[in-house]
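Worksheet: one structure, shown below.
Chain naming here is simple, since letters A, B, ... match the order of the sequence lines and numbering starts at 1 in each.
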Amino acid sequence: MALFSVSKTAFLLAFLSLRTYQSEVLSEPLPWAPESLKVSVNTTSQCLHLQWTVHNLAHHQEFRMVFQIEISRIKTSNVIWVENYTTTVKWNQVLHWSWESKLPLECAKHFIRMRSAVDAAKTPGPRVWSSWSSWEEADVQNSLGQDPLFVFPKDKLVEEGSNVTICYVSKSHQNNISCYLEGVRMQGEQLDPNVSVFNLNHVAFIRETGTNIYCKPGQGDGIKGTVLFVSKVLQEPKDFSCETQDLMTLNCTWDPGSDTGLLKQLSQSYTLFESFSGKKILCKHKSWCLWQVAPESQDMYNFTLTAENYLRKRSVHLLFHLTHRVHPMAPFNVLFKNVNATSATMTWKVHAIGKYYTLLCQVELYGEGKVTQHNVSVKVDGVHLFSGLEPDTEYLAQVRCANGNHFWKWSEWTHQNFTTVEAAPSEAPDVWRNVKIVQGRCVVTLFWKPLSKLQAHGKILFYNIVIEYLDRTSGSEVLSIPAPASGTELPLNQCSSQIRITASNSVGTSPASVLVVSREPGNEEVEEERVKGTEDGFPLSWNPQPRHVTGYLVEWCEQPRDPPCDLQWKNLGPNVTSTVVSSDAFRPGVRYNFRIYGISTERVPCLLARKTGYSQELAPSDNPQVVMTNLTSHSFTLSWKNYSTESQPSFIQGYHVYLKSKAGRCHSGSEKAVLSDDAVCCKYKIDNPEQKTFVVENLQPESFYEFLVTPYTSVGEGPHDAFAKVTTPDEYSPTLIRILLPTVFCILLIMITCYLKSQWMKEKCYPDIPDPYKSSVLSLIKSKENPHLTIMNIKDCVPDSIEVLNKQEGTRKSFTETESTKPTYLYLLPTEKRYSSPGPCICFENFTYNQAASDSASCGHVPAPPKAPPSQLGLLTSPENLLKALEKNYMNSLGEIPAGETSLNYVSQLASPMSGDMSNLPKNPPEPALCSEYKMQMAIPLGLASPPSSGSSSLSSITLLDEGERYH
Amino acid sequence: SPGAPISPAEPISQAYSLALYMQKNTSALLHTYLQHQGSPFSDPGFSAPELQLSSLPPAAVSFKTWHALDDGERLSHAQGAFLALTQHLQLVGDDQRDLNPGSPILLSQLGAARLRAQGLLGNMAAIMTALGLPIPPEEDTLGVVPFGASAFERKCRGYVVTREYGHWTDRAVRDLALLKAKYPG
């Protein structure tokens, strides 16, 4: 009862107040001021939480009101935030409002007040505000505790790129506190003596475990810090799509983008909401979600996918018709039936989707490098017939299906292999031959190309060869060659024969290839033409044959340098007169020869043309081996007969002969050329490749030349490396040789003659000194005058009783005074003993020539040492000493010297009258006392013995020997 | 018989071996721990000796004081410290499982350190039994854990625990070496 009366009173009051409001709204201050304002601080979210009520609101009253809220920091006058909060207010309602501070609330005191007004948007005029509430203080610094230093906010979670404010609160009044972000010092501003603030702009994501921010005082007291958790920005899900395989389950997928998970925050969550059914599910996976379809109840779906984390939400929408998003499962049970050589039937099954849906299936067949595609409409079982297949071929068939009514996506492929069965080869083997005559027999070598897979239709097992001799008498031969062979050699009984070749596989035999061999040799006189190869091959052309041909054939060797030349051939149709032969085996610098045959209707080949050429000509790599002959002083001949022009890497067009000389002049027929090493030389050009000799002329005798012979081609010359060297001989040397040789021969002949006649020569030139004992005179004397007369024996001579008679004292004096006037003597004795002592003297008498002299002479007075050294005697025997003795040519002949003047005297028996100037002759006779002389017994030619023409007082000796000593 | 005195040499030797083994790994544990906490902890030469935990007795003691302790006191101090360390290592392991979930090496090292500390506790209890000393009751040294500690505070806390674990291990090696000399086997 009491409650009822209270409510009744309240109702009345509200009613009255409404009436009051209606009458006085514009004149009186608003009665519904905020009251009971309470402020609380949530430091985790850094929020100020306000709650208040509105005074005097009646029970039934409901107003739209505006609350103006003012927030001051540190002191009430420092208003940092003013906000109008509009809401509908009911009776007895506690109002709430929150404000998130950018500055950590622990860093400064905050003051909050508010006032209210009725939100009368329709009413013109200024708003009528209530009076302000009193300031409410929000201060958490008092509850911090006793630590000297605090860093705020604690464990703050922010998005990457946002701005964050950090502060520290120091209770120890230290000013030298430094703060760091990941080791880098931050610059802050002082909010009050104990609080500093750091504004971080665009904070970056560093790591999932957060970013350390710490402060430390200058001295000790440890570190304080906080961890800032920077999250990546949540992205909108991309590629959101839903589809069904069976109209039972929808599979929705999306790309979630980067993960925003942190220690302080789980990864973003995804929820799927369908607006038609109003159902919502929380997805268990980050990138996909399954949605159960209520059977046959809903066709349209409107999905909203929402990604959400602690800081943000993002949504995407998708509206679709269920049957338009059918993605069937892959077909299954793919089988092949009735597989034969050219066809096969494929069957498969599909997963049904509903009762009324037809699937469109795509069938693809891969085989022999080709793909064929067919579309088949399928309910449950699919069937397709592949036809036109190749025998013995493996095929890959695959099938996929899609919704035939509303195409969305193909299913995955299901594939299966099958192989068609073999069939008989379809084509005759491509056969060619080479015929040679060995010992009068025809030997044919057959070559065939293996049938291609498309022609063979299976594995070829044998090649069958049937030789039918055209001469019927010989019958035929049959051969079978096992399969991998590609040729065989057959000696034929007869040349004229027809050869049929077939290939067999397990199913059958191919058509036959027919070759006719005839005894007549081919038309080998066809002139060879040159052909220029290109990158594509050798373009060959020939004249069409007037007579009917069934085709043409080009034959060549792919390895022309090797003995098994790898014979190749190419069959061409009868209307073809040109072709291009190409092969990977063609190499630059190799000469290839092509022979073109016309195949007659009788299958007889006839050589039509021969072509030769290079796929690419290369400059010669070698120069000919040159032999030099006929070297004369003006020319020489070069020859390189062994050089093969055929086996060169390009067509030889001729030769260049280079000649280097010191003169550097080039004669007619040559031109100056500068080599790559700047050497200048003369170049002779030979245009004919078969001219392999060359005479280099107009050379200088006794000159050094270098020469080089190099072939030249359309692509260049051979290398300029090894010049051969030659020096031309002297011009006169041949003449000299012609003169010298006979001269030498003559001299030799004379010498030999002299040698042979030496005894005679000796007798003629220097006869032996006669032995007095053996002289005939002796016997004469003995017999006539004195039978007791004997030849004096030297031993009988008394050496110390030489008596010298010299009548001319004055003359001897002059001799001693002036030696220059002394006539020249050559002493028989050694020279050192010349004046020392009187040497032994020997007297030789020749009674034959000077009887008178010998008579007067007294040999008994010849002084001689008792023992004469044998060498002294030997001196006389040597021809040299003989010639020396000739020097002592006394012009004063014996006739002028009286025999009595000198007791010991030897007088030449061959004294000749002298025509010389006698006045110059010394008047004094030669030194008589010392030595005996041997007077030459040979006549001296006058010319040689003539005295010097000058008026010299000395008597020069005539010098016959250059090396001889001369005495003056 | 239960009343028969047991030779203390064997448990002393076992405890000493274990303490030596622990000593080898303490610096590695501290290093691993600091490397996972970011700057300034991972900075080269990081050291903050002023950081302490009121619930964990510091190992640092003046040599004179330490030498003046009798065996019972020395063992009692070590026993109390390793009891506190086992509980704190558990706390730090939990903290790091939260802060560094992707670092199994750190977590396994912390777990191993806690198990070894428990093993050493058991060995010390055996020594005290052998010496006839009273075994102090197991206490809840941690008391009320500040679960609301910030991430930075938890990093600091872990640092102090791993550091003191090393210091206490060093001290235990010295304690046991002294005992080993006194009770040769």
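- Proximity to chain A (any heavy atom under 4.5 Å) is shown, for B:Tyr159, by neither the backbone nor the side chain.
- Within residues 12-37 of chain B, the residues having any heavy atom under 4.5 Å from a heavy atom of chain A are, by residue number, B:Gln37.
- The neighbour count for A:Arg207 CZ, taken as heavy atoms of other residues, nucleotides or ligands under 6.0 Å away, is above 12.
- Between B:Phe152 and A:Asp155, the shortest heavy-atom contact is N-OD1, 4.2 Å.
- Listed here is the closest heavy atom pair of B:Lys155 and A:Val227: NZ-CG2, 4.0 Å.
- Dense packing is recorded around CG of A:Leu290, with more than 12 heavy atoms of other residues, nucleotides or ligands lying under 6.0 Å away.
- A distance of 11.0 Å separates CZ of A:Phe150 from OG of B:Ser150, quoted to the nearest 0.5 Å.
- Nearest approach of B:Ser39 to A:Gly183, heavy atoms of both residues: OG-N, 3.3 Å.
- Residue B:Glu153 touches chain A through its side chain alone, counting heavy-atom pairs closer than 4.5 Å.
- Shortest non-hydrogen contact noted between A:Ile223 and B:Pro40 is CD1-CG, 3.9 Å.
- Residue B:Lys180 qualifies as open at atom NZ: its count of foreign heavy atoms under 6.0 Å is 12 or below.
- Shown here for B:Leu99 and A:Thr209, the closest heavy-atom pair between the two residues is O-CG2, 3.1 Å.
- With a 4.5 angstrom heavy-atom cutoff, A:Ile213 touches chain B only via backbone atoms.
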So B:Asp43 and A:Tyr180, side-chain contact (heavy atoms from CB on, under 4.5 Å) or not? Walk me through it.
-> CA-CA 12 Å; B:Asp43 295 346; A:Tyr180 301 86; over 6 Å; no
